[in-house]
**Q** 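Next up is a structure, given as structure tokens.
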Amino acid sequence: MGEQRREVVAGAVVREGLLLVARRASPPELAGLWELPGGKAEPGEEPRAAVERELAEELAIVVVGGERVGPEVLIGERMVLRAYAAEWVSGEPVAIEHLEVAWIGSDALDDLPWVPSDRALIAALREL
Ligand code: DCM
């Protein structure tokens, strides 16, 4: 049990052809870099429910979690990042815990200063 990696979920929200991204405020080594919004799933929490909860908490939007997107990305030894497509339902994203939020086109994916783990998701995100 204690040896299982903690799942970090991230939501890939696409609306009118644009992807929702958020700029981290912390920790210092990740501050200023962009990510797919998300966070740690609670023990026993269904990943898509975790996506829905995290985006509500961090961005004040309502989404419905959907299919896995892209590879699993190991974060250190204790966590694994998995992205899920998420359907936007309502609310305009507000940067509650982030520095800012943005909607980006596929042409901007490569040049965004991503959090290192999320960079592994770019190829799959372009498909969305
Ligand atoms: N994380 C990441 N990419 C994301 C979301 C989170 O690399 N899209 C990492 C940052 C932290 C850990 O997962 O090391 C937990 O995230 P948080 O601090 O947002 O709960």
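The structure presented is a predicted model; accordingly, all values stated were derived computationally and were not measured. For ligands, and for the atoms within them, numbers begin at 1 and follow the listed sequence.
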**Q** Has E46 got a side-chain atom pairing as donor or acceptor with R48's backbone, closer than 3.5 angstrom?
**A** yes
**Q** With a 4.5 Å heavy-atom cut-off, do S90 and I61 have their side chains touching?
**A** no
**Q** Which residue and non-hydrogen atom of the protein lie closest to atom 6 (C) of ligand 1, and at what distance in Å?
**A** V8 CG1, 3.5 Å
**Q** Nearest 0.5 Å, please: how far is CG in L20 from CG in L59?
**A**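 Interatomic distance, L59 CG to L20 CG, rounded to 0.5 Å: 6.0 Å.
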**Q** How many angstroms lie between NE2 in H98 and CZ in R24, if you round to the nearest 0.5 Å?
**A** 6.0 Å
**Q** Report yes if some heavy atom in the side chain of P47 is under 4.5 Å from a heavy atom in the side chain of R82; otherwise report no.
**A**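 The answer is no; the side chains never approach within 4.5 Å.
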**Q** Does the pair V101 and R23 meet the rule for a side chain to side chain contact (heavy atoms under 4.5 Å, CB included), with working shown?
**A** CA-CA 6 Å; V101 296; R23 196 165 160 242; over 6 Å; no
**Q** For atom 14 (O) of ligand 1, what is the closest protein heavy atom, and at what distance to 0.1 Å?
**A** M79 CE, 3.6 Å
**Q** Short N/O distance, under 3.5 Å, between R24 and ligand 1?
**A**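 Such a contact does occur with ligand 1.
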**Q** Out of G39, P27, A120, A83, indicate the one that has the non-hydrogen atom closest to atom 20 (O) of ligand 1.
**A**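 Nearest option to atom 20 (O) of ligand 1, by heavy atoms: G39.
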**Q** Which residue and atom name correspond to the protein heavy atom nearest atom 5 (C) of ligand 1, and how close is it?
**A**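 The closest one turns out to be E35 OE1, 3.2 Å.
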**Q** Which of the numbered atoms in ligand 1 are under 4.0 angstrom from any heavy atom belonging to G38?
**A** 19 (O)
**Q** Out of V115, L121, D118, who is nearest to atom 3 (N) of ligand 1 when you count heavy atoms only?
**A**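 Ranked by closest heavy atom to atom 3 (N) of ligand 1, first place is D118.
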**Q** Quick one: nearest non-hydrogen protein atom to atom 15 (C) of ligand 1, plus distance?
**A** K40 NZ, 4.0 Å
**Q** So which bit of I75 gets within less than 4.0 Å of ligand 1, heavy atoms only: side chain, backbone, both or neither?
**A** side chain
**Q** Give me the atom names and distance for the closest heavy-atom approach of Y84 to V69.
**A**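 Nearest heavy atoms, Y84 then V69: C-CG2, 4.1 Å.
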**Q** With nothing but distance in play, are any N or O atoms of L36 less than 3.5 Å from an N or O of ligand 1?
**A**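 Yes; at least one N/O pair falls below 3.5 Å.
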**Q** With atoms numbered from 1 as shown, which atoms in ligand 1 lie under 4.0 angstrom from a non-hydrogen atom of S117?
**A**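 Listed by number with element: 7 (O).
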**Q** For a quick test of reading the model, state the closest non-hydrogen atom pair linking G70 to A124 and the distance between them.
**A** CA-CB, 3.5 Å
